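Notes follow the structure.
Just so you know, these numbers come straight off a predicted model, no measurement behind them.
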Amino acid sequence: MTTPERIKIIEASCKQVGRGVFFSTLIIVASFLPVFLLEGQEGKLFGPLAWTKTFILAIDAVLAVTLAPVLISFFLKGKLRTDAHNPLNRTLEKIYQPILSWCIKWKKTTIGINIIALLISVPLLLSLGSEFMPPLDEGSILFMPVTLPDISNSQAKQLLQVQDRIIKSVPEVKNVLGKAGRANTATDNSPISMVETIVLLKPRSEWRKGIKKEDIINELNAKLQIPGVVNGWTQPIINRINMLSTGIRTDVGLKVYGQNLDTLYALSTKMKQALQGLNGVKDLYVDPITGGRYLDIQVDKEAIGRYGLSVDDVNQVVESALGGMNVTPTIEGRRRFSVNLRLAQDYRSSLDEIRRTLVQTPSFGPVPLSSVAHITISDGPAMIQSENALLRGTVLFNVRGRDLGSTVKEAQDKLNGIAKTLPKGYFIEWSGQYENLIRAERTLKLVLPIVLLIIFACLYFAFHSIREAFFSLISIPFALIGGAYMVYFFGVHLSVAVAVGFIALFGIAVETGIVMVIYLNDAMQRLVADKGNSSETISKKDLRSYVMNGAVKRLRPKLMTVCVALFGLVPVLWATGTGSDVMLPIVLPMIGGVLTSSTHILLVTPLIFLMVKEHELRKYGKLEVLDVKE
């Protein structure tokens with residue numbers, strides 16, 4: 001073969017697949033449009049994936065039609081062999097040809113099996129639970145119990161020490177660090193009644209045989225059943241993300257808005273009682289907004305008049321003895337601290353000791369504070385919470401052992417009756433991870449139809465035929481079959497990660513379909529060139545033979561397209577460690593969908609193509625042959 005002949009063959013081959021490869025790459029880029037429009041946590045997590053893949057494919061689309069033909073002309077030299085010389089290719093063709101022949105012979109059966117498989121996948125998808133994101137195992141546990149609002153500092157310290165000792169007794173626990181109340185920062189408004197304990201676990205190789213992280217949490221929860229304490233279990237990173245993005249420190253929160261704290265607390269308690277015992281609801285409690293205990297000191301003006309005192313004299317004693325008087329600042333490097341002076345803990349830890357606090361009078365010497373003031377303990381709000389200029393109460397709970405979507409849906413059904421009877425000016429709002437789930441679902445439902453239209457437009461420009469574009473597009477629902485089956489049998493809930501996997505699958509399925517349609521149309525061009533374009537010269541047998549040849553003789557490039565995707569995805573099924581929790585839901589629909597879509601494209605697409613061409617030959621007396629080489 002001379003060099004001009006070789007270059008001419010390479011040029012013809014590149015023209016044959018160039019447009020299809022270019023537009024299939026654009027379709028994959030277009031399929032990731034919903035990922036770009038995701039907001040919040042999901043947008044930050046999957047945005048880098050979408051941008052990286054888009055830039056890679058954009059460059060790939062240009063190189064496929066510019067650099068690739070040049071490189072082929074440089075390296076494709078010497079003695080060239082046909083596909084028949086490859087033993088693997090011959091074996092695959094021997095397997096594929098009789099299967100395709102059977103499918104063409106039993107057309108209705110083949111199409112019926114595909115439709116039944118598609119119909120079965122729909123209830124499978126509908127039966128799956130839903131969640132915002134698959135839970136990422138951070139390797140550690142955050143224990144967040146809440147106790148009564150009126151707990152004292154000494155009681156909180158004792159409770160913290162007891163809990164830490166109990167947690168450390170579990171063999172899988174490496175270290176425990178607990179904190180009660182707020183840290184030394186303006187962004188932490190935690191009350192003294194809220195405890196945060198970070199539990200670091202040992203490596204999994206040192207755990208007891210057969211035990212899982214869920215088992216450790218259940219064991220710890222059973223050991224830490226302390227009266228007056230409501231346990232809460234989460235993870236450090238996701239807890240901070242939840243608190244910053246939604247103001248809720250658990251998976252789900254029911255916010256109750258209104259004008260009166262007592263009414264809000266009563267409504268929140270009523271809703272909590274309605275949710276008790278609901279499957280999947282764990283760590284259920286009402287964020288305490290009432291029940292705080294305050295030391296109320298009211299100056300007796302008649303008494304201080306008899307002793308020759310003023311209100312300021314009494315307040316000064318209260319400030320210096322109980323609150324602490326600012327004496328002087330101290331400087332440590334660039335930091336300044338105030339030094340306060342007050343009575344020792346023993347002299348201000350009980351009501352009787354406070355009443356005996358001495359107040360110096362001008363004429364009568366020292367008198368007890370109880371002689372010039374009424375000292376009582378009064379009830380008040382533990383911590384006033386507000387949002388959007390409205391007072392807020394909250395019912396908090398985590399979801400374990402069940403998907404988030406169906407759990408919240410059942411909870412909403414239970415609370416519908418209460419929500420309809422709320423007083424005027426009061427309303428409820430669901431927050432937490434469920435709020436993120438609703439936002440992501442709304443975005444995907446809005447954008448996916450637009451993406452399908454864009455994909456259809458790209459297919460039309462690739463083939464200049466609405467019919468061929470439609471045939472390539474119908475591979476998408478059949479790709480969902482395998483994705484639905486894989487997600488169902490692996491027990492994965494529908495989430496944003498699964499949606500991203502299906503989005504990536506759309507592009508791969510359409511890409512494989514384009515390659516098949518290109519080769520089938522090329523077979524029709526050869527048929528017309530050999531037999532002419534007339535029903536008198538082309539028989540059904542000829543049509544079937546050329547369709548079979550176009551499908552079978554181009555088996556290798558189609559399988560290479562599928563195998564490249566599978567070889568890169570299958571290892572993720574056995575991945576372990578941090579991050580595998582999110583990767584698996586992305587990969588499962590892609591692996592299952594690639595398998596079923598490739599089966600559909602290899603077996604059903606040639607069959608449908610043949611039926612269409614038979615219809616054209618019968619109705620119009622000739623074939624509509626597309627020129628896909630330009």
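Atom CD1 in Ile241 sits 10.0 Å away from atom CG in Asn436 (nearest 0.5 Å). In this structure, Ile59 CD1 and Thr54 OG1 are separated by 11.5 Å, a value rounded to the nearest 0.5 Å. Expressed to the nearest 0.5 Å, how far CG of Leu284 lies from CG of Leu254 amounts to 10.0 Å. Rounded to the nearest 0.5 Å, atoms CD (Gln412) and OG1 (Thr407) are 11.0 Å apart. In this structure, the separation between CD1 on Ile115 and CD1 on Ile481 is 9.5 Å, given to the nearest 0.5 Å. To the nearest 0.5 Å, atom CZ of residue Arg208 and atom CD of residue Glu172 are 4.0 Å apart.
When side chains are defined from C-beta on, His600 counts as touching Asn114, because their heavy atoms get closer than 4.5 Å. Side-chain contact check for Ile217 versus Ile141: some heavy-atom pair is nearer than 4.5 Å. Contact annotation: the side chain of Val547 approaches that of Leu520 to within less than 4.5 Å [non-hydrogen atoms, C-beta and beyond]. With contacts defined as side-chain heavy-atom distances shorter than 4.5 Å, the pair Tyr96/Leu100 qualifies. The shortest side-chain heavy-atom distance between His493 and Ser130 does not fall under the 4.5 Å cut-off. Inter-residue side-chain proximity for Leu588 and Leu584 is flagged as met; some heavy-atom pair is nearer than 4.5 Å. Considering only heavy atoms from C-beta on, Leu607 stays 4.5 Å or farther from Leu603 through its side chain. Considering only heavy atoms from C-beta on, Trp51 comes within 4.5 Å of Phe36 through its side chain.
Counting heavy-atom neighbours within 6.0 Å of Ile211 CD1, excluding the residue itself, gives a total above 12. Crowding of Lys202 atom NZ: a count of heavy atoms from other residues, nucleotides or ligands under 6.0 Å exceeding 12. Within a 6.0 Å radius of NZ in Lys414, other residues, nucleotides and ligands contribute more than 12 heavy atoms.
A donor-acceptor pair under 3.5 Å is absent between the side-chain atoms of Trp207 and the main chain of Lys212, judged by distance alone. Panel note: side chain Ser101, backbone Gln97; no donor-acceptor pair is recorded below 3.5 Å. Thr52 places no side-chain N or O within donor-acceptor distance of the main-chain N or O of Leu49, the cut-off being under 3.5 Å. Formation of a donor-acceptor pair under 3.5 Å by the Gln225 side chain with backbone atoms of Asn221 is found in this model. Side-chain atoms of Thr596 come within 3.5 Å of backbone N or O of Gly593 as a donor-acceptor pair. Glu138 places a side-chain N or O within donor-acceptor distance of the main-chain N or O of Ile238, the cut-off being under 3.5 Å. Listed for the Asp251 side chain is no donor-acceptor partner under 3.5 Å among the backbone atoms of Leu404. One N or O on the side chain of Tyr485 and one on the backbone of Ala117 form a donor-acceptor pair closer than 3.5 Å. Panel note: side chain Lys213, backbone Ser140; a donor-acceptor pair is recorded below 3.5 Å.
Judged as a side-chain hydrogen bond (donor to acceptor under 3.5 Å, both in side chains), the pairs with a partner in residues 394-403 (not counting sequence neighbours) are, in order, Asp283-Asn398, Asp283-Arg400, Arg392-Thr394, Arg402-Ser406, Arg402-Glu410, Asp403-Ser406. Within the structure, the side-chain hydrogen bond (donor to acceptor under 3.5 Å, both in side chains) test picks out the following pairs touching residues 102-112 (sequence neighbours left out): Lys107-Glu614.
With sequence neighbours excluded, no residue forms a side chain to side chain donor-acceptor pair (under 3.5 Å) with Lys282. Applying the salt bridge (Lys or Arg N to Asp or Glu O under 4.0 Å) test to Asp287 and every residue at least two apart in sequence or in another chain returns Arg249. Listed by chain and number, the residues in a salt bridge (Lys or Arg N to Asp or Glu O under 4.0 Å) with Lys223 are Glu219 (sequence neighbours excluded). Not counting sequence neighbours, Glu435 has no partner by the salt bridge (Lys or Arg N to Asp or Glu O under 4.0 Å) test.
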Could you give me the CA-CA distance, side-chain angles and deciding distance for Leu415 and Leu275, then say whether side-chain contact (heavy atoms from CB on, under 4.5 Å) is met? CA-CA 8 Å; Leu415 295 178; Leu275 295 178; 4.1 Å; yes
In sequence, state the C-alpha distance, the side-chain angles, and the governing distance for Met144 and Thr234, and then conclude on side-chain contact (heavy atoms from CB on, under 4.5 Å). CA-CA 8 Å; Met144 293 187 67; Thr234 180; 4.2 Å; yes
Show the numbers, then the answer: is there a side-chain contact (heavy atoms from CB on, under 4.5 Å) between Val487 and Leu128? CA-CA 9 Å; Val487 172; Leu128 293 173; 3.6 Å; yes
Test side-chain contact (heavy atoms from CB on, under 4.5 Å) on Tyr460 and Ile466 and set out the steps. CA-CA 6 Å; Tyr460 174 77; Ile466 294 178; 3.8 Å; yes
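Summarising the geometry of Met590 relative to Leu505, their closest heavy-atom pair is O-CD1, 3.9 Å, with the distance given to 0.1 Å. The shortest heavy-atom contact between Ala484 and Leu125 is CB-CG, 3.6 Å. The shortest non-hydrogen separation linking Ser127 to Tyr488 is OG-CE1, 3.6 Å. A pairwise comparison of heavy atoms in Leu118 and Pro477 identifies CD1-O, 3.3 Å as the closest pair. Shown here for Asp215 and Gly210, the closest heavy-atom pair between the two residues is OD2-O, 4.0 Å. Of all heavy-atom pairs spanning Gly253 and Leu396, the tightest one is CA-CD2, 4.1 Å.
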